[in-house]
Amino acid sequence: QVQLVESGGGLVQAGGSLTLSCVVTRRTISRYTTGWFRQAPGKEREFVAGIQWDGLSTRYQDSVKGRFTISRDNGKNTVYLLMNSLKPEDTAIYYCAQGGYLKPVTSQSRDYADWGQGTQVTVSS
């Protein structure tokens, strides 16, 4: 069974940077689209960024464009979320998720079947 494990969350000051990692086991990430989602207290889970299964396309939530970058390392079977210029409103639990085999990037949670446990990101002002 595929497993996704996030790490890299923590407390950071506004304007700082943080890199999240999602290690995928029992599945080759080069055949599955991967997305990052987040959920802040009292709010619904929202799409943050996604990378197409072949790495040729990425997609971002408007609020993080120019600040966040999604990438991957096939050799380590790991997907990353590089977060720069962090703002207090970025505070949330961040989840890594994978969609179906050879599927395009979407912003809908229902299109992602496998999820990690989440990692907390807290940005102080």
Side-chain angles (χ1 to χ4, degrees):
Q1 179 65 47
V2 62
Q3 296 180 14
L4 291 78
V5 180
E6 304 97 331
S7 63
L11 176 63
V12 64
Q13 294 183 349
S17 299
L18 208 58
T19 299
L20 306 183
S21 299
C22 174
V23 178
V24 180
T25 58
R26 303 186 183 183
R27 174 182 288 169
T28 299
I29 63 171
S30 62
R31 296 294 180 269
Y32 292 84
T33 289
T34 305
W36 285 96
F37 293 77
R38 67 186 181 188
Q39 186 167 20
K43 296 185 177 181
E44 293 296 312
R45 182 170 53 192
E46 67 175 356
F47 174 80
V48 178
I51 185 167
Q52 192 169 286
W53 62 272
D54 56 8
L56 297 179
S57 181
T58 57
R59 181 175 178 176
Y60 297 92
Q61 168 72 261
D62 287 343
S63 66
V64 307
K65 286 182 178 178
R67 298 190 298 122
F68 291 9
T69 302
I70 187 169
S71 63
R72 70 182 189 181
D73 185 330
N74 289 344
K76 297 181 179 180
N77 221 40
T78 300
V79 180
Y80 303 95
L81 184 66
L82 287 67
M83 304 184 293
N84 295 318
S85 302
L86 283 162
K87 305 174 181 179
E89 50 263 46
D90 294 318
T91 295
I93 300 176
Y94 283 71
Y95 298 90
C96 177
Q98 285 199 311
Y101 182 73
L102 304 181
K103 296 294 185 180
V105 174
T106 78
S107 62
Q108 302 300 312
S109 297
R110 63 178 179 271
D111 294 329
Y112 296 81
D114 301 293
W115 295 78
Q117 83 291 344
T119 185
Q120 177 70 49
V121 172
T122 303
V123 184
S124 63
S125 60

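Of all the heavy atoms in A40 and A92, the pair that sits closest is N-CB, 3.8 Å.
For the pair E6 (side chain) and Q117 (backbone), a donor-acceptor distance under 3.5 Å is present.
Grouped by direct or indirect side-chain proximity (heavy atoms under 4.5 Å, Ile/Leu/Val/Met/Phe/Trp/Tyr only), L11 sits alone. Hydrophobic cluster membership of Y112, counting Ile, Leu, Val, Met, Phe, Trp and Tyr whose side-chain heavy atoms lie under 4.5 Å apart directly or via other members: F37, F47, I93, Y95, V105, W115. Clustering of Ile, Leu, Val, Met, Phe, Trp and Tyr by side-chain heavy atoms under 4.5 Å joins V2 with L4, V12, L18, L20, V24, I29, W36, V48, I51, Y60, V64, F68, I70, V79, L81, M83, L86, Y94, V121, V123.
Taking the salt bridge (Lys or Arg N to Asp or Glu O under 4.0 Å) definition, one finds that R45 meets it with nothing, sequence neighbours left out. Under the side-chain contact (heavy atoms from CB on, under 4.5 Å) criterion, T19 pairs with Y80, L82, not counting sequence neighbours. Among residues two or more places apart in sequence or in another chain, the salt bridge (Lys or Arg N to Asp or Glu O under 4.0 Å) test is passed with D114 by R27. With sequence neighbours left out, E89 forms a salt bridge (Lys or Arg N to Asp or Glu O under 4.0 Å) with no residue at all. Looking at residues two or more places apart in sequence or on another chain, you find a salt bridge (Lys or Arg N to Asp or Glu O under 4.0 Å) between K65 and D62.
Within the structure, side chain to side chain donor-acceptor pair (under 3.5 Å) pairs that include any residue of residues 49-58 comprise Q52-D54 (at least two apart or interchain). The stretch residues 44-74 participates, sequence neighbours left out, in no disulfide bond (SG atoms under 2.5 Å apart) pair at all. For residues 40-78, no residue pair satisfies the disulfide bond (SG atoms under 2.5 Å apart) rule, not counting sequence neighbours. Among residue pairs with one or both ends in residues 85-125, those qualifying as disulfide bond (SG atoms under 2.5 Å apart) are C22-C96; sequence neighbours excluded.
The CZ atom of R67 lies 4.5 Å from the NZ atom of K87; values are rounded to the nearest 0.5 Å. Here the CD atom belonging to E46 is positioned 5.5 Å from the OG atom belonging to S63, to the nearest 0.5 angstrom. One distance of note links CD of Q3 with CZ of R26; it measures 5.0 Å at 0.5 Å rounding. The OG1 atom of T119 lies 14.0 Å from the CZ atom of R38; values are rounded to the nearest 0.5 Å.
Residues Q98 and T34 have side chains that bring a donor and an acceptor to within less than 3.5 angstrom of each other.
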